[in-house]
Amino acid sequence: MSRFNSMVPVEEYLADSNVMFYLCDAVTQLLEHKEEYTQFGVIRYFAEYFSSVKNSNHILFREYSYIKATPHNRTSFIRVFWRCYRQIGKSGDLLSMLEYRSLLQLLCPDFPMEVVQCAARIVLMDDAIDCLMSFSDFLYAFQLQLYYQEFLESILEIYQDLLAGKSPNTVIVPTSTSVEQLPPVAAEENDKEEQQQDGVETSTLAQCIEALCDRFKHNYPPRSCMRDILKQNDKVSYYSFLMSLAKHETVNRTIGALPSKAELLIDPEMDQELDKLITQISVSPGSNSSGSAVGALKEAQRKASPRRNIHHKRRMEVESDGSTEETDSSEN
(Lines give C-alpha, C1' and ligand atoms only; values in the text may rest on other atoms or scores of the structure.)
Protein backbone atom coordinates (compact mmCIF):
# COMPACT_ATOMS: atom_id res chain seq x y z
CA MET A 1 0.00 0.00 0.00
CA SER A 2 1.51 3.34 -1.06
CA ARG A 3 1.32 6.17 1.44
CA PHE A 4 1.03 8.55 -1.53
CA ASN A 5 -2.12 6.87 -2.83
CA SER A 6 -4.89 9.40 -2.21
CA MET A 7 -7.49 6.64 -2.63
CA VAL A 8 -6.47 5.06 0.68
CA PRO A 9 -8.47 6.49 3.62
CA VAL A 10 -6.37 8.16 6.29
CA GLU A 11 -7.72 5.91 9.04
CA GLU A 12 -6.90 2.76 7.06
CA TYR A 13 -3.34 3.91 6.35
CA LEU A 14 -2.71 4.80 9.99
CA ALA A 15 -4.04 1.43 11.12
CA ASP A 16 -2.02 -0.59 8.58
CA SER A 17 1.22 1.30 9.15
CA ASN A 18 0.94 1.41 12.98
CA VAL A 19 2.02 5.05 12.93
CA MET A 20 0.01 5.86 16.03
CA PHE A 21 1.59 2.97 17.94
CA TYR A 22 5.10 4.21 17.22
CA LEU A 23 4.16 7.81 17.91
CA CYS A 24 2.73 6.87 21.31
CA ASP A 25 5.81 4.81 22.13
CA ALA A 26 8.12 7.66 21.08
CA VAL A 27 6.30 10.11 23.34
CA THR A 28 6.31 7.61 26.23
CA GLN A 29 10.05 7.05 25.88
CA LEU A 30 10.66 10.79 25.70
CA LEU A 31 8.69 11.44 28.89
CA GLU A 32 10.37 8.58 30.76
CA HIS A 33 13.88 9.73 29.80
CA LYS A 34 13.37 13.41 29.08
CA GLU A 35 16.51 14.47 30.94
CA GLU A 36 18.61 12.42 28.54
CA TYR A 37 16.76 13.06 25.29
CA THR A 38 15.84 16.73 25.61
CA GLN A 39 19.51 17.73 25.54
CA PHE A 40 19.60 16.62 21.90
CA GLY A 41 16.43 18.51 21.03
CA VAL A 42 12.94 17.10 20.60
CA ILE A 43 13.00 17.35 16.81
CA ARG A 44 16.22 15.38 16.58
CA TYR A 45 14.90 12.83 19.04
CA PHE A 46 11.80 12.08 16.95
CA ALA A 47 13.87 12.00 13.76
CA GLU A 48 16.23 9.43 15.25
CA TYR A 49 13.42 7.41 16.78
CA PHE A 50 11.61 6.95 13.46
CA SER A 51 14.91 6.44 11.67
CA SER A 52 15.67 3.56 14.04
CA VAL A 53 12.19 2.12 13.36
CA LYS A 54 12.79 2.34 9.62
CA ASN A 55 16.21 0.69 9.94
CA SER A 56 14.90 -2.05 12.28
CA ASN A 57 17.26 -1.04 15.11
CA HIS A 58 14.47 -0.06 17.47
CA ILE A 59 13.72 -3.48 18.98
CA LEU A 60 17.05 -4.19 20.67
CA PHE A 61 16.76 -4.62 24.44
CA ARG A 62 13.04 -3.81 24.36
CA GLU A 63 10.40 -5.82 26.20
CA TYR A 64 8.68 -8.76 24.48
CA SER A 65 5.30 -7.02 24.47
CA TYR A 66 6.86 -4.31 22.30
CA ILE A 67 8.48 -6.81 19.93
CA LYS A 68 5.25 -8.66 19.22
CA ALA A 69 3.14 -5.48 19.01
CA THR A 70 3.48 -5.00 15.22
CA PRO A 71 4.45 -7.15 12.22
CA HIS A 72 7.36 -4.78 11.51
CA ASN A 73 8.70 -5.25 15.03
CA ARG A 74 8.54 -9.03 14.68
CA THR A 75 10.27 -8.93 11.31
CA SER A 76 12.93 -6.59 12.70
CA PHE A 77 13.63 -8.86 15.67
CA ILE A 78 13.97 -11.93 13.44
CA ARG A 79 16.41 -10.05 11.20
CA VAL A 80 18.49 -8.79 14.14
CA PHE A 81 18.62 -12.29 15.67
CA TRP A 82 19.91 -13.66 12.37
CA ARG A 83 22.54 -10.96 11.91
CA CYS A 84 23.80 -11.16 15.50
CA TYR A 85 24.26 -14.93 15.54
CA ARG A 86 24.87 -15.76 11.89
CA GLN A 87 28.37 -17.01 12.69
CA ILE A 88 26.86 -19.86 14.73
CA GLY A 89 25.42 -21.27 11.55
CA LYS A 90 28.56 -20.48 9.59
CA SER A 91 30.69 -22.44 12.04
CA GLY A 92 28.26 -25.37 12.01
CA ASP A 93 27.62 -25.36 15.76
CA LEU A 94 24.55 -27.17 17.11
CA LEU A 95 22.79 -25.64 20.10
CA SER A 96 20.07 -26.75 22.49
CA MET A 97 16.74 -25.05 23.05
CA LEU A 98 17.99 -23.49 26.29
CA GLU A 99 21.05 -22.10 24.56
CA TYR A 100 18.94 -20.50 21.85
CA ARG A 101 16.75 -18.99 24.52
CA SER A 102 19.82 -17.52 26.24
CA LEU A 103 20.84 -15.89 22.97
CA LEU A 104 17.36 -14.47 22.49
CA GLN A 105 17.32 -13.08 26.01
CA LEU A 106 20.51 -11.15 25.32
CA LEU A 107 18.47 -9.21 22.75
CA CYS A 108 15.17 -9.23 24.66
CA PRO A 109 15.61 -9.89 28.42
CA ASP A 110 12.05 -11.13 29.00
CA PHE A 111 11.75 -13.27 25.88
CA PRO A 112 9.35 -16.10 26.84
CA MET A 113 10.37 -19.73 26.99
CA GLU A 114 7.08 -20.83 25.39
CA VAL A 115 7.94 -19.30 22.00
CA VAL A 116 11.35 -20.98 21.98
CA GLN A 117 9.81 -24.33 22.93
CA CYS A 118 7.28 -24.09 20.11
CA ALA A 119 10.03 -23.34 17.60
CA ALA A 120 12.07 -26.29 18.90
CA ARG A 121 9.08 -28.60 18.56
CA ILE A 122 8.69 -27.59 14.91
CA VAL A 123 12.31 -28.55 14.22
CA LEU A 124 12.28 -31.75 16.27
CA MET A 125 8.69 -32.73 15.42
CA ASP A 126 7.67 -32.54 19.09
CA ASP A 127 10.10 -35.35 19.93
CA ALA A 128 12.95 -34.95 22.45
CA ILE A 129 13.04 -31.17 22.36
CA ASP A 130 16.27 -31.19 24.37
CA CYS A 131 18.17 -32.36 21.28
CA LEU A 132 20.65 -30.10 19.51
CA MET A 133 19.55 -28.05 16.49
CA SER A 134 21.35 -26.32 13.66
CA PHE A 135 21.10 -22.55 13.48
CA SER A 136 19.33 -22.50 10.11
CA ASP A 137 16.71 -25.08 11.12
CA PHE A 138 15.93 -23.25 14.34
CA LEU A 139 15.96 -19.82 12.68
CA TYR A 140 13.32 -20.58 10.05
CA ALA A 141 11.13 -22.40 12.57
CA PHE A 142 11.54 -19.49 15.00
CA GLN A 143 10.61 -17.05 12.25
CA LEU A 144 7.39 -18.92 11.51
CA GLN A 145 6.48 -19.23 15.19
CA LEU A 146 7.11 -15.58 16.09
CA TYR A 147 5.59 -13.95 13.02
CA TYR A 148 2.47 -16.15 12.79
CA GLN A 149 2.09 -16.95 16.48
CA GLU A 150 -1.64 -16.23 16.79
CA PHE A 151 -2.48 -18.14 13.62
CA LEU A 152 -0.48 -21.19 14.68
CA GLU A 153 -2.21 -21.23 18.05
CA SER A 154 -5.58 -21.29 16.28
CA ILE A 155 -4.42 -24.09 13.95
CA LEU A 156 -3.29 -26.13 16.96
CA GLU A 157 -6.75 -25.79 18.55
CA ILE A 158 -8.37 -26.96 15.32
CA TYR A 159 -5.93 -29.85 14.99
CA GLN A 160 -6.53 -31.01 18.56
CA ASP A 161 -10.30 -30.86 18.01
CA LEU A 162 -9.96 -32.97 14.86
CA LEU A 163 -7.82 -35.51 16.71
CA ALA A 164 -10.45 -35.73 19.43
CA GLY A 165 -13.20 -36.22 16.86
CA LYS A 166 -14.89 -32.95 17.76
CA SER A 167 -16.06 -30.17 15.50
CA PRO A 168 -13.27 -27.56 15.30
CA ASN A 169 -13.50 -24.57 17.63
CA THR A 170 -16.10 -26.29 19.84
CA VAL A 171 -15.70 -25.12 23.42
CA ILE A 172 -15.96 -27.89 26.02
CA VAL A 173 -16.39 -26.80 29.65
CA PRO A 174 -15.24 -29.66 31.93
CA THR A 175 -17.34 -30.59 34.97
CA SER A 176 -16.65 -32.79 37.96
CA THR A 177 -18.76 -35.62 36.53
CA SER A 178 -17.08 -35.47 33.13
CA VAL A 179 -13.65 -35.62 34.76
CA GLU A 180 -14.65 -38.74 36.69
CA GLN A 181 -15.67 -40.44 33.46
CA LEU A 182 -12.32 -39.88 31.80
CA PRO A 183 -10.26 -43.01 30.92
CA PRO A 184 -7.06 -43.76 32.83
CA VAL A 185 -4.25 -41.30 32.16
CA ALA A 186 -1.82 -43.88 30.76
CA ALA A 187 -4.35 -45.24 28.28
CA GLU A 188 -5.36 -41.74 27.25
CA GLU A 189 -1.74 -40.75 26.65
CA ASN A 190 -1.12 -43.85 24.54
CA ASP A 191 -4.18 -43.16 22.41
CA LYS A 192 -3.12 -39.55 22.05
CA GLU A 193 0.38 -40.52 20.88
CA GLU A 194 -0.99 -42.94 18.30
CA GLN A 195 -3.39 -40.33 16.97
CA GLN A 196 -0.68 -37.69 16.77
CA GLN A 197 1.58 -40.02 14.82
CA ASP A 198 -1.18 -40.71 12.31
CA GLY A 199 -2.25 -37.08 12.06
CA VAL A 200 -5.54 -35.87 10.63
CA GLU A 201 -7.16 -35.93 7.21
CA THR A 202 -5.57 -33.17 5.13
CA SER A 203 -8.79 -32.44 3.25
CA THR A 204 -10.65 -31.76 6.49
CA LEU A 205 -7.81 -29.68 7.90
CA ALA A 206 -7.63 -27.69 4.66
CA GLN A 207 -11.34 -26.83 4.87
CA CYS A 208 -10.93 -25.69 8.47
CA ILE A 209 -7.93 -23.55 7.59
CA GLU A 210 -9.80 -21.88 4.74
CA ALA A 211 -12.64 -21.03 7.09
CA LEU A 212 -10.18 -19.72 9.67
CA CYS A 213 -8.44 -17.46 7.15
CA ASP A 214 -11.77 -15.93 6.13
CA ARG A 215 -12.33 -14.59 9.63
CA PHE A 216 -8.78 -14.22 10.95
CA LYS A 217 -7.65 -10.69 11.85
CA HIS A 218 -3.92 -11.36 12.23
CA ASN A 219 -1.31 -12.33 9.65
CA TYR A 220 -1.30 -15.85 8.25
CA PRO A 221 0.82 -17.68 5.65
CA PRO A 222 -0.26 -17.49 1.99
CA ARG A 223 -3.21 -19.77 1.38
CA SER A 224 -1.61 -21.14 -1.79
CA CYS A 225 1.37 -22.40 0.24
CA MET A 226 -0.83 -24.13 2.78
CA ARG A 227 -2.92 -25.73 0.03
CA ASP A 228 0.19 -27.03 -1.74
CA ILE A 229 1.53 -28.60 1.45
CA LEU A 230 -1.75 -30.24 2.39
CA LYS A 231 -2.22 -31.71 -1.10
CA GLN A 232 0.93 -33.79 -0.80
CA ASN A 233 -0.43 -36.40 1.64
CA ASP A 234 -3.73 -37.85 2.79
CA LYS A 235 -2.85 -37.27 6.45
CA VAL A 236 -0.66 -34.75 8.18
CA SER A 237 0.49 -34.06 11.72
CA TYR A 238 0.54 -30.58 13.20
CA TYR A 239 4.32 -30.25 13.46
CA SER A 240 5.06 -31.76 10.06
CA PHE A 241 2.67 -29.20 8.58
CA LEU A 242 4.48 -26.39 10.41
CA MET A 243 7.90 -27.69 9.39
CA SER A 244 6.83 -27.64 5.74
CA LEU A 245 5.63 -24.05 6.19
CA ALA A 246 8.90 -23.06 7.86
CA LYS A 247 10.90 -24.43 4.90
CA HIS A 248 8.61 -22.94 2.23
CA GLU A 249 10.44 -20.21 0.33
CA THR A 250 7.23 -18.32 -0.51
CA VAL A 251 6.42 -18.07 3.19
CA ASN A 252 9.94 -16.80 3.84
CA ARG A 253 9.63 -14.13 1.13
CA THR A 254 6.22 -13.10 2.44
CA ILE A 255 7.62 -12.41 5.91
CA GLY A 256 10.60 -10.60 4.37
CA ALA A 257 13.00 -10.90 7.31
CA LEU A 258 15.48 -13.53 6.09
CA PRO A 259 17.21 -14.37 2.82
CA SER A 260 16.79 -17.75 1.17
CA LYS A 261 18.47 -20.69 2.87
CA ALA A 262 21.17 -20.74 0.20
CA GLU A 263 22.13 -17.15 1.06
CA LEU A 264 21.51 -17.32 4.80
CA LEU A 265 25.17 -17.34 5.81
CA ILE A 266 26.34 -14.86 3.17
CA ASP A 267 26.60 -11.24 4.35
CA PRO A 268 29.61 -9.34 2.90
CA GLU A 269 28.69 -6.13 4.72
CA MET A 270 28.66 -7.89 8.08
CA ASP A 271 31.91 -9.70 7.27
CA GLN A 272 33.60 -6.35 6.60
CA GLU A 273 32.39 -5.01 9.93
CA LEU A 274 33.69 -8.14 11.65
CA ASP A 275 37.10 -7.75 10.06
CA LYS A 276 37.27 -4.16 11.30
CA LEU A 277 36.28 -5.17 14.82
CA ILE A 278 38.76 -8.07 14.93
CA THR A 279 41.52 -5.68 13.88
CA GLN A 280 40.54 -3.21 16.60
CA ILE A 281 40.44 -5.93 19.25
CA SER A 282 43.78 -7.42 18.22
CA VAL A 283 45.61 -4.08 18.61
CA SER A 284 43.74 -3.00 21.72
CA PRO A 285 45.76 -3.32 24.96
CA GLY A 286 44.49 -6.04 27.28
CA SER A 287 41.98 -7.31 24.73
CA ASN A 288 40.76 -10.88 24.67
CA SER A 289 39.20 -11.75 21.33
CA SER A 290 38.28 -15.24 22.55
CA GLY A 291 36.19 -13.92 25.45
CA SER A 292 32.73 -15.16 26.17
CA ALA A 293 30.06 -14.05 23.70
CA VAL A 294 27.52 -14.07 26.46
CA GLY A 295 29.70 -11.83 28.59
CA ALA A 296 30.13 -9.39 25.72
CA LEU A 297 26.45 -9.02 25.06
CA LYS A 298 25.62 -8.88 28.76
CA GLU A 299 28.02 -5.97 29.05
CA ALA A 300 26.26 -4.26 26.16
CA GLN A 301 22.94 -5.03 27.82
CA ARG A 302 24.19 -3.52 31.11
CA LYS A 303 25.13 -0.30 29.36
CA ALA A 304 21.82 -0.14 27.53
CA SER A 305 18.96 -0.72 29.92
CA PRO A 306 15.89 -2.43 28.40
CA ARG A 307 13.83 0.51 29.61
CA ARG A 308 15.72 2.91 27.41
CA ASN A 309 15.13 3.01 23.70
CA ILE A 310 17.75 3.33 20.98
CA HIS A 311 17.63 6.78 19.47
CA HIS A 312 21.03 8.44 19.66
CA LYS A 313 24.57 7.83 18.58
CA ARG A 314 25.93 6.36 21.80
CA ARG A 315 23.16 3.74 21.94
CA MET A 316 23.71 2.81 18.32
CA GLU A 317 27.35 2.12 19.14
CA VAL A 318 26.20 -0.26 21.87
CA GLU A 319 24.07 -2.14 19.33
CA SER A 320 26.98 -2.49 16.94
CA ASP A 321 29.34 -3.66 19.67
CA GLY A 322 26.83 -6.19 20.99
CA SER A 323 26.06 -7.88 17.69
CA THR A 324 29.57 -8.01 16.28
CA GLU A 325 31.27 -9.16 19.45
CA GLU A 326 28.81 -12.02 19.65
CA THR A 327 29.47 -13.02 16.06
CA ASP A 328 33.22 -12.85 16.55
CA SER A 329 33.16 -14.97 19.68
CA SER A 330 30.99 -17.67 18.16
CA GLU A 331 33.68 -18.43 15.61
CA ASN A 332 36.05 -19.66 18.32
Do Gln117 and Arg101 have side chains that get closer than 4.5 Å, going by heavy atoms? no
Donor-acceptor under 3.5 Å (Ser51 side chain, Ala47 main chain): no
Minimum heavy-atom separation for Val53 and His72, please, with both atom names. O-NE2, 2.6 Å
Within-4.5 Å side-chain heavy-atom neighbours: Ile229 and Val236: no
Under a 3.5 Å distance rule, please check whether Asn73 uses its side chain to pair with a backbone N or O of Ala69 as donor and acceptor. no
Run the ring-centre check on Tyr85 versus Phe135 and record whether the distance is less than 6.0 Å. no
For Tyr64 and Phe111, take the angle between the two ring planes, folded into 0 to 90°, and tell me which bin it lands in: parallel under 30, tilted 30 to 60, perpendicular over 60. perpendicular
Using a 4.5 Å cut-off on heavy atoms from C-beta on, say whether the side chain of Leu124 contacts that of Tyr239. no
Is it true that, when you exclude Lys34 itself, more than 12 heavy atoms of the residues, nucleotides or ligands shown sit nearer than 6.0 Å to its NZ? no
Set out, in order, the CA-CA distance, both residues' side-chain angles and the distance that settles side chain to side chain donor-acceptor pair (under 3.5 Å) for Tyr22 and Thr70, then state yes or no. CA-CA 10 Å; Tyr22 291 114; Thr70 71; 2.7 Å; yes
Who pairs with Asp214 by salt bridge (Lys or Arg N to Asp or Glu O under 4.0 Å), at least two apart in sequence or on another chain? Arg223
Residues Asn219 and Pro71: closest non-hydrogen pair is ND2-CG, 3.4 Å
Are Met133 and Ser96 close enough, and set up right, to give a side-chain contact (heavy atoms from CB on, under 4.5 Å), and what steps lead you there? CA-CA 6 Å; Met133 296 169 280; Ser96 67; over 6 Å; no
Do the non-hydrogen side-chain atoms of Phe138 and Leu95 ever get within less than 4.5 Å of each other? no
Output all residues satisfying salt bridge (Lys or Arg N to Asp or Glu O under 4.0 Å) with Arg74, sequence neighbours left out; order by chain, then residue number. Glu150
State whether the side chain of Trp82 and the backbone N or O of Ser136 hold a donor-acceptor pair below 3.5 Å, judged by distance alone. no
Is Ile43 atom CD1 crowded by more than 12 heavy atoms from other residues, nucleotides or ligands, each under 6.0 Å away? no
Considering only heavy atoms from C-beta outward, does the side chain of Leu30 approach that of Tyr49 to under 4.5 Å? no
For Ala26, does its backbone N or O pair with a side-chain atom of Tyr45 as donor and acceptor, under 3.5 Å? yes
Taking ILVMFWY side chains as joined if any heavy atoms are under 4.5 angstrom apart, and letting links pass through other members, which residues group with Leu132? Leu94
For the residue pair Tyr148 and Pro221, what are the closest heavy atoms and their distance? CE2-N, 3.5 Å
Quick check against the 3.5 Å criterion: does Gln160 have a side-chain atom that pairs as donor or acceptor with the backbone of Glu157? no
side-chain contact (heavy atoms from CB on, under 4.5 Å) between Leu103 and Ile88, worked out: CA-CA 11 Å; Leu103 295 178; Ile88 295 176; 3.4 Å; yes
Are His58 and Ser76 side-chain neighbours, meaning at least one heavy-atom pair lies under 4.5 Å? yes
Would you name the heavy atoms of Gly256 and Arg79 that are closest together and state the gap between them? O-NH2, 3.0 Å
Can you name the nearest heavy-atom pair linking Leu152 to Tyr238, along with the distance? O-OH, 3.0 Å
Of all heavy-atom pairs linking Leu106 and Phe61, the shortest is O-CE2, 3.4 Å
Ring centroid separation Tyr66 to Phe21 under 6.0 Å: yes
Would you find a donor on one side and an acceptor on the other, under 3.5 Å apart, between the side chain of Thr202 and the backbone of Asn233? yes
Would you mind checking if Arg62 and Asp25 are paired as a salt bridge, meaning a charged N to carboxylate O distance below 4.0 Å? yes
Flag side-chain contact, heavy atom, 4.5 Å: Cys118 against Gln149: no
Return the set of residues passing salt bridge (Lys or Arg N to Asp or Glu O under 4.0 Å) with Lys261 (not counting sequence neighbours), or none when no residue passes. Asp137
Can a donor-acceptor pair be found, under 3.5 Å and without considering hydrogens, that links the side chain of Asn252 to the backbone of Pro259? yes
Ignoring hydrogens and angles, tell me if any N or O in the side chain of Ser102 forms a donor-acceptor pair with the backbone of Leu98 under 3.5 Å. yes
Decide side-chain contact (heavy atoms from CB on, under 4.5 Å) for Thr204 and Val200; before the verdict, give the C-alpha distance in whole Å, the side-chain angles of both, and the deciding distance to 0.1 Å. CA-CA 8 Å; Thr204 306; Val200 300; over 6 Å; no
Which value, rounded to the nearest 0.5 Å, describes the distance between Gln145 atom CD and Arg121 atom CZ? 10.0 Å
Ring centre gap for Phe216 and Phe151 strictly below 6.0 Å: yes
Going by the rule ring-ring contact (aromatic ring centres under 6.0 Å, His included), which residues pair with Phe46 if we only count those two or more places apart in sequence or in a different chain? none
Side chains of Phe50 and Leu23 in contact at under 4.5 Å (non-hydrogen atoms): yes
Report all side-chain donor-acceptor pairs from residues 241-248 shorter than 3.5 Å, counting only partners two or more places apart or in another chain.
residue, atom, partner, partner atom, Å
Ser244, OG, Ser240, O, 3.1
His248, ND1, Thr250, N, 3.2

Run Met97 and Met113 through side-chain contact (heavy atoms from CB on, under 4.5 Å) and show every step you take. CA-CA 9 Å; Met97 177 184 65; Met113 184 65 169; 3.5 Å; yes
